[in-house]
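Have a look at the structure below, then the notes.
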Amino acid sequence: MPASKSRKKGTTRPRRRDKAAEARARATQAAQREAGSRKLTPGAYRRRRVLGWTLVGLGAAVFMQHLISHMGSFNLISPGWDDLVVGYPMAGFLGVVGAIVLTKT
């Protein structure tokens, strides 16, 4: 028996490629690379946290100043400007913006 025929006996047929699975795998790998590039560095995360908590603290300070001003104990600026510019809406806005900054990843 020729050597070529004896070699062919033990070989198996090649498996068919699952092109759909390969395409899904490539898409997953591309998404993982993109997500990795969008991750925050520890320094950027720390700066964002400091900014967020600063805004939340500023909102709380504005809220307290406005509340104390309405109780008549303390006036930092005139009551009209206090209500229009730095009243409860500004305190709420600062608090919400600070919370948004804190929750961003």
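Sequence positions, counted from 1, serve as the residue numbers for this chain. As a basis for the values below, the full set of heavy atoms in this structure was taken, side chains included, without hydrogen atoms, waters or symmetry mates.
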Cluster check Trp53, Val96: I/L/V/M/F/W/Y, side chain < 4.5 angstrom: no

Common cluster, Phe93/Leu51, ILVMFWY with side-chain heavy-atom separation under 4.5 Å: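 Same cluster.
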
Out of curiosity, [X] [atom1] to [Y] [atom2], how far, rounded to the nearest 0.5 Å?
| X | Y | atom1 | atom2 | answer |
| --- | --- | --- | --- | --- |
| Glu34 | Lys39 | CD | NZ | 14.0 Å |
| Arg48 | Thr103 | CZ | OG1 | 9.0 Å |
| Leu58 | Leu94 | CG | CG | 5.0 Å |
| Thr41 | Arg46 | OG1 | CZ | 8.5 Å |

Distance-minimising heavy-atom pair for Leu102 and Arg49: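 In this case the closest contact between Leu102 and Arg49 is CD2-O, 3.8 Å.
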
Within-4.5 Å side-chain heavy-atom neighbours: Gln32 and Thr28: yes

